[in-house]
Q: 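Here it is, the structure, as structure tokens.
Every chain is numbered from 1 and lettered A, B, ... according to where its sequence line falls, protein lines coming before strand lines.
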Protein chains: 2
Amino acid sequence: MGTRSIKEVAQLARVSVGTVSNVLNRPEIVSPATRERVFEAIRELGFVRNEVARHLRVGRSRTVGLVVLDVSNPFFADVAQGAEAVADEHDTMMMLCNSAADPDRERRHLDQLEQQRVLGVLITPVDAASPRLAQLTARGTPVVLVDSAATGMQCSVAVDDRLGGQVAAAHLIERGHRRIAFVGGPLSIKQVADRHAGASAAVSASAGEGAELVDFETTALGVAAGRAAGERLAALPGAERPTAALCANDLLALGFLQAMSLRGLKVPDDVAIVGYDDIDFAAAAAVPLSSVRQPRELLGRTAIELLLEEVSSPDEHRHRQVIFQPDLVVRESSKAIRRDA
Amino acid sequence: MGTRSIKEVAQLARVSVGTVSNVLNRPEIVSPATRERVFEAIRELGFVRNEVARHLRVGRSRTVGLVVLDVSNPFFADVAQGAEAVADEHDTMMMLCNSAADPDRERRHLDQLEQQRVLGVLITPVDAASPRLAQLTARGTPVVLVDSAATGMQCSVAVDDRLGGQVAAAHLIERGHRRIAFVGGPLSIKQVADRHAGASAAVSASAGEGAELVDFETTALGVAAGRAAGERLAALPGAERPTAALCANDLLALGFLQAMSLRGLKVPDDVAIVGYDDIDFAAAAAVPLSSVRQPRELLGRTAIELLLEEVSSPDEHRHRQVIFQPDLVVRESSKAIRRDA
DNA sequence: CCACGTCTTTGAGACGATTCAAAAAAATCT
DNA sequence: AGATTTTTTTGAATCGTCTCAAAGACGTGG
């Protein structure tokens, strides 16, 4: 259609294509008069550089793929935001892809990104050990794992989920809770398993005081799953019912909270809740939720910085596994001290 | 790096590059023996087709840009999901871009998409009348407006926001409310203005019964803005205080709801609330929110279908403006009938 | 007026895949 | 076997941009 090429610009400006290219890429080496003439022609024709041809010639893309488990989880939206801010500064485009935790969708996205010869891929993998990821790396597309630890062949940025789970559980124990529910799943998801392991460790450490962890495994990580788990818990007879719930993420926690209020259980008096991720909704919930905060934007920023570093100096680059510390934010939902132990 | 070209495959399989290309694109015209030999070579070398070169030669991209106002608003996540489902079936990739309602970011994204020569752009524009959009269309990149009505030069899919506002307000009036707050802003956003206009119309129609609309304009559409508006409303003396709030979207409604519970006002007894969008969080709120539902996935599906139609038969294509009807979903937050009018 | 630097501009290859007319090979018919 | 048709394979041209060696323009000093 109306798309003009460098050649037409050259013709109109009465210069060679090489000169137009120079104006575009190294304007300072072109004489001011010519430069102006070329700009004029560009304006007149409405010329827009064809990035595809440029990429083919230069052999280096300007776009980075970001594959996340769930675009509608605000946690990932924030990670993306962080990554994009840095990408912007480097004149790089982010391609946001949603795997929806489906390995098949993930694979399709990776295929497409590889075919596009993107500069690199940031990914929160469904399964970090998937051979597809290793293959991608091996074939020359740099990969940075996000929110998931790599084993040395790649860079990664993650948050210490074990520590997060531990701190959260320790907090609940310290507030007097003894029977603590762990709400989350499937445990095949690394993050969930780690948080669980952390909680488990904290509970074991206090086993002498009678602390114990009760698992409420869920099949998904959304609001609905949390609500279902909450109903299950609410249905238990008082003595067996945990007095606190540690949820593997905030969406679960929000659903869980709703179930409590539907069943007439007071939060935090009857049941305390701690979520994970500290998304904006957590603080804004009916009962503001305690939550384990992760540096979301920073996670995204760091991931792309590692990627860009790897790309710009492939030789001296050493893969790094960055791990951030989570922070427990205590709010209403777990503030009260339980006195009936 | 490790990236092999069609030429290397040809060499290894002892055929010409043309044949390899045929195997890739029209395998049926290649003799089985040769075909197998080529596949073998592809496997051995780990060849991945270079989509960039293909695109350059064929002149037709396989990716579509989707620019939304806020990735972290579940409404848009669902729209994206719908669009992606259809794109998938057509072997097309979706490039999700977040303008964050910032005209500048939006412009940058459009620039990049145009440089990439994408197949087309689906966009929820910050300003539908922006000349940049017309320019994109004029230069040959098809544009479909999403959740925003076009004027004839482009296709568009939208939901009747005026009707939505009207139905929501009528519902509140029918439940006995007379002083109704409209929470939302800025009014420069078309969707907000339309919803307001609809509400306004419904209220005017019942002015004889003493209904009136009180504006609580906000500067943003997030949870925080809703909370702030809620506090403003709660601070009013009882007689002046509206008994119902119609919020321009669910995020505002959630924030508003939280403010009510912080200030000790009961929902729906003291103040009824109706949100807009019916995102999953609405049903999952502490008090399940009434909300005006929009066919989110359908919006996305339809948008990309229009785009693909336009692209596949540019000549006979007539631009269409599709408008869907919203549905009011009544839940706890506005169910009660007010008896004190 | 020539030789010699310094700026500018030029234009012929890439880059990797697709296309298509034409050549080659195989199959079918006399 | 030779002619004819059908099936396969070939390879040069092309898409739009960048790169870089080389040519051209210009100014300066001798």
Q: For Ser21(B), give me all partners under side-chain contact (heavy atoms from CB on, under 4.5 Å), at least two apart in sequence or on another chain.
A: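 Per chain and number, Ser21(B) pairs via side-chain contact (heavy atoms from CB on, under 4.5 Å) with Ile6(B), Asn25(B).
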Q: Yes or no on side-chain contact (heavy atoms from CB on, under 4.5 Å) for Leu96(A) and Asn98(B), after CA distance, side-chain angles and deciding distance?
A: CA-CA 9 Å; Leu96(A) 186 51; Asn98(B) 184 23; over 6 Å; no
Q: Going 5' to 3' along DNA chain C, which are the first and last nucleotides with any atom under 4.0 Å from a heavy atom of chain B?
A: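 Span of nucleotides near chain B: dG16(C) to dT19(C).
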Q: Bend across the helix from dC1(C)-dG30(D) to dT30(C)-dA1(D), to 10°, with axes taken over 5 pairs at each end?
A: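 One end axis against the other gives 60°.
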Q: Distances under 3.5 Å only, N/O to N/O: pair up the protein atoms with those of nucleotides 4-7 of chain D.
A:
none

Q: List in chain and number order the residues that pass side-chain contact (heavy atoms from CB on, under 4.5 Å) with Arg318(B), two or more places apart in sequence or in another chain; answer none if no residue qualifies.
A: none
Q: Using a 4.0 Å heavy-atom cut-off, does Val15(B) contact any base of the nucleic acid, only the sugar-phosphate backbone, or nothing at all?
A: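 Since only primed, P, OP1 and OP2 atoms lie under 4.0 Å of Val15(B), the category is sugar-phosphate.
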Q: Okay, side chain of Thr63(B), backbone of Met94(B): is any donor-acceptor separation there less than 3.5 Å?
A: no
Q: If the sugar-phosphate is the primed atoms plus P, OP1 and OP2 and the base is the rest, what is the B/S/- string for nucleotides 12-22 of chain D, using protein heavy atoms under 4.0 Å?
A: -BBBBBBB---
Q: Salt bridge (charged side-chain N to carboxylate O under 4.0 Å, His left out) between Glu309(A) and Arg320(A): does it pass, once the steps are laid out?
A: CA-CA 11 Å; Glu309(A) 182 196 305; Arg320(A) 280 186 286 156; 2.8 Å; yes
Q: For Asp91(A), enumerate each residue passing the side-chain hydrogen bond (donor to acceptor under 3.5 Å, both in side chains) test, keeping only those at least two apart in sequence or located in another chain.
A: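 Testing Asp91(A) for side-chain hydrogen bond (donor to acceptor under 3.5 Å, both in side chains), a comparison that skips the adjacent residues, returns Arg62(A).
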Q: Checking His317(B) now: which residues fulfil ring-ring contact (aromatic ring centres under 6.0 Å, His included) with it, not counting sequence neighbours?
A: His319(B)
Q: What pairs meet the side chain to side chain donor-acceptor pair (under 3.5 Å) rule with one or both residues in residues 116-130 of chain A, with sequence neighbours excluded?
A: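 Non-adjacent pairs meeting side chain to side chain donor-acceptor pair (under 3.5 Å): zero.
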Q: Just jot down the side-chain contact (heavy atoms from CB on, under 4.5 Å) partners of Gln11(B), sequence neighbours excluded, or say none.
A: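 Here no residue qualifies.
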Q: Could you tell me whether the side chain of Val143(B) reaches within less than 4.5 Å of the side chain of Leu145(B), counting heavy atoms only?
A: yes
Q: Under 4.0 Å, heavy atoms only, any strand: does Thr19(B) hit a base, just the sugar-phosphate, or nothing?
A: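 Thr19(B): base contact, heavy atoms under 4.0 Å.
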Q: Salt bridge or not between Arg43(A) and Glu40(A)? Use side-chain N to carboxylate O under 4.0 Å.
A: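 Looking at Glu40(A) together with Arg43(A), the answer is yes, because their closest N to O distance falls below 4.0 Å.
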Q: Using the test salt bridge (charged side-chain N to carboxylate O under 4.0 Å, His left out), find all partners of Glu297(A) that sit at least two apart in sequence or belong to another chain.
A: none
Q: Name all residues meeting the side-chain contact (heavy atoms from CB on, under 4.5 Å) criterion together with Ser16(B); count only those two or more places apart in sequence or in a different chain, and write none if there are none.
A: Thr19(B)
